[in-house]
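Structure, as structure tokens:
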Amino acid sequence: MNVLETPPLPKAKHEARVLLLNHRLNGCASLIRGLEVAGFAVTGIAVTPASSTDPVHLVVVAISGVDDSACSVVEQLRQSERFAATPILVISDRFDPSVAEEYLHLGATDFLSQPSAGRVLSGWCERILNSQQSDWLFEEYVRERRRSGAFDRVIIPLSLALFGERDHGRMLETILLEAKALCLADGGTLYLRTSADTLEFTMVHNDVLGISLGGSKGSVTEFPPIPLYRPDGGEPERRYIAAYVANSGLPVSLPDLYDSSNFDLSGPRNFDTKFGYRTLSILAAPLKNDAHRVIGVLQLINARDPLTGEAVPFDPQQQEAVESMCRLAAAGLEAYARMQKLKEQISALHLKIDEAKKREQVSQIVDSDYFKNLKEKARQLRMKTPRA
Amino acid sequence: MGKVISIHSFRGGTGKSNLTANLSATLAARGYRVGVFDTDVASPGIHVLFGINDVPASASLNAYFWGNCSIQDAAVDVMPALEGAGVPVSASGALYLVPASIETGEIARILHDGYDVGLLNDGILGLMDHYDLDFVFVDTHPGVNEETLLSIAISEVTIIILRPDQQDLQGTAVTIELARQLECKNLQLIVNKAHRNADHAVMKASVEQKLGAPVIEVIALSDDMVQFGSGGVYCMRFPDHDYSQAVGRVADCLVAAGTASQLSDRRVS
Ligand SMILES: Nc1ncnc2c1ncn2[C@@H]1O[C@H](COP(=O)(O)OP(=O)(O)O)[C@@H](O)[C@H]1O
Ligand SMILES: [Mg+2]
């Protein structure tokens with residue numbers, strides 16, 4: 001997927017064209033004004049796109065609640081050649097995560113809800129006008145969401161189009177670091193589930209200890225993977241926090257780790273002893289895929305009070321935001337996996353050699369006197385050649 | 001004794017000439033002594049990549065076949081075309097091209113009469129001897145005509161290029177079978193113009209399994225190459241490009257498989 005394969009990017013404001021597909025959004029007039037203020041020329045307002053070939057840099061689909069016709073429009077746009085790579089924003093009058101997910105799944109680039117839509121939208125317009133890199137956008141996006149107070153709601157999965165599959169490692173790292181920054185946490189760890197049913201340490205960061213492992217720096221070899229099933233009898237492992245989160249699908253937030261008697265804390269204890277550190281608060285949340293299977297765990301330690309710098313428990317708003325970021329990460333990972341699968345399908349070549357035809361073609365040549373002659377010539381030529 | 005490598009494909013437009021030019025230039029820039037024969041006498045083209053627009057009637061592969069010149073006379077030193085393109089070129093390298101005639105009358109004549117592969121073989125050995133060449137590349141005519149099959153038979157290594165497409169796959173399967181019957185031992189494949197989203201490792205495995213021959217490289221279809229449109233030797237201009245890197249790996253392969261000790265002293269690091 002390539003967001004950058006859109007029509008030549010506009011060089012000046014008001015050269016950026018937006019196609020507005022209105023599916024009964026109240027207050028569409030103010031949306032149009034917003035778009036124009038942001039620098040777009042609204043080229044058309046319709047329910048479905050007309051078959052013109054004028055360049056369009058952004059498609060906005062305005063909806064009210066769930067709307068099957070709008071869904072199928074998004075789907076058709078994505079499948080059409082003309083709009084396959086054009087950013088498609090869905091703007092709704094209210095926020096509903098399942099609706100958002102549906103549109104994103106169909107290929108929408110982002111789902112914005114009013115009233116905060118306006119500010120995020122202007123971020124989008126900026127991007128399209130400036131043709132910035134997607135990671136820049138992501139940073140801007142997260143910042144904007146936070147500024148507009150949206151982080152206490154849900155941070156919606158950005159479609160893979162924003163990243164391009166090659167960046168999935170960076171995407172995960174960005175999400176981990178953003179989640180950590182959001183809570184002013186000392187440390188963050190991302191575990192991914194392996195096919196051997198273990199949790200693998202994929203990235204480990206701790207600012208206080210100056211630890212930064214995995215991610216763009218390669219794989220983490222310092223810590224062995226955590227088995228998700230017990231060696232005796234194969235019962236799901238629930239003694240370790242990350243394994244518990246993976247097996248239960250539930251987040252865990254503890255104000256003081258060592259006050260908790262439910263978990264085996266040998267791992268954190270070893271870590272603390274080794275590094276002379278004190279783990280106090282901990283927050284671990286699952287990364288779940290579309291089928292609600294846990295494909296990873298994001299864990300943060302020691303949230304800090306922004307004023308005193310003291311280690312404090314993670315608050316419920318932070319937890320909600322982190323859980324949302326886990327959804328974002330899971331969506332990105334799933335999209336990556338889908339892309340990999342697609343790549344493999346392309347590469348496996350659904351082409352076949354027609355063996356019968358090949359035999360016939362070969363024997364037509366080989367069985368002729370001409371070829372026997374040729375073989376003899378080849379032999380003689382090789383004999384003349386003084387090669388080793 | 002140098003090594004003769006024929007570059008072949010079942011159909012035209014597969015990327016033979018570009019690969020031959022880039023591969024030979026890469027090796028020459030590294031300090032090897034290289035010769036290139038354009039035996040695609042029906043549609044000669046590799047000279048253009050080396051910046052040659054005019055092939056004189058008195059000095060071409062055709063003229064050599066017809067006894068009008070010696071093979072040395074037909075060979076053009078194209079090393080100067082590589083210098084100044086951007087990539088440092090080793091002083092010990094050499095690159096000679098024996099172009100085929102681009103004159104329509106001469107093309108018609110050679111297509112009608114064919115040519116003696118024995119003479120081609122003598123020419124290759126003669127040029128190799130005269131210029132002390134490490135590698136001679138033969139850019140062949142696509143398909144399975146007699147001359148081409150025989151050139152494959154006289155080469156130590158045959159590289160068959162194919163695109164990931166049905167006709168190429170089928171034709172290559174037939175070519176491989178014929179080459180085996182002619183007792184060609186060192187057959188290798190290169191997949192060119194692979195889909196940009198393809199996973200190269202998977203494609204390599206898939207093609208190897210289908211054709212039963214090793215794939216030494218999978219090269220992606222490159223928009224930059226399309227745009228460049230055979231406007232020169234690509235890897236001399238854009239050495240960091242994926243295409244050039246892929247060519248570099250093929251060159252590594254040929255060097256590694258060669259008489260390494262004999263060649264290594266020539267290589268300038
Ligand atoms: N990997 C590639 N990606 C894109 N274009 C390519 C690639 N390899 C070759 N080409 C282009 O394909 C065309 C045919 O190549 P050429 O080397 O002349 O093929 P052949 O000698 O097999 O007929 C040329 O225009 C060349 O630039
Ligand atoms: Mg050619």
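All figures in this text were calculated on a predicted structure; none of them were measured in a lab. Just so you know, these numbers use all the heavy atoms, side chains as well, and skip hydrogens, waters and symmetry mates.
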- Among Asp199(B), Leu149(B), Val218(B), which has the most heavy-atom pairs under 4.5 Å with chain A? Asp199(B)
- Task: Heavy atoms only: give me the nearest Tyr370(A)-Asn145(B) pair and the separation to one decimal.
- Result: OH-C, 4.1 Å
- Query: Hey, are the side chains of Gln361(A) and Gln170(B) touching, using non-hydrogen atoms and a 4.5 Å cut-off?
  - Reply: yes
- Which heavy atom in Ala153(B) sits nearest to a heavy atom in Arg382(A), and how many Å separate them? O-NH1, 2.9 Å
- Query: Quick check: are there more than 12 heavy atoms from other residues, nucleotides or ligands sitting under 6.0 Å from CD of Glu147(B)?
  - Reply: yes
- Message: Within a 6.0 Å radius of atom CD on Gln227(B), are there more than 12 heavy atoms belonging to other residues, nucleotides or ligands?
- Response: no
- Select one option (side chain, backbone, both, neither) describing which atoms of Arg359(A) are under 4.5 Å from chain B's heavy atoms. neither
- Are Lys377(A) and Glu146(B) ion-paired here, with the side-chain N under 4.0 Å from a carboxylate O? yes
- Query: Do Leu211(B) and Ile353(A) come within less than 4.5 Å of each other through their side chains, counting heavy atoms only?
  - Reply: yes
- Contact winner vs chain A - Val144(B), Leu150(B), Asp122(B), heavy-atom pairs under 4.5 Å: Leu150(B)
- Minimum-distance pair of heavy atoms, taken over all atoms of Ala378(A) and Leu182(B): CB-CD2, 4.3 Å
- Message: Is Val117(B) close to chain A through its backbone or its side chain, or both, or neither, when contacts mean heavy atoms under 4.5 Å?
- Response: both
- Checking heavy atoms, do the side chain of Leu178(B), its backbone, both or neither come under 4.5 Å from chain A? both
- Task: Look at Lys375(A) together with Glu183(B) and state whether they make a salt bridge at an N to O cut-off of under 4.0 Å.
- Result: no
- Assert top hit (heavy-atom pairs under 4.5 Å, partner chain B, pool Asn373(A), Val366(A), Ile365(A), Leu374(A)) equals Leu374(A)
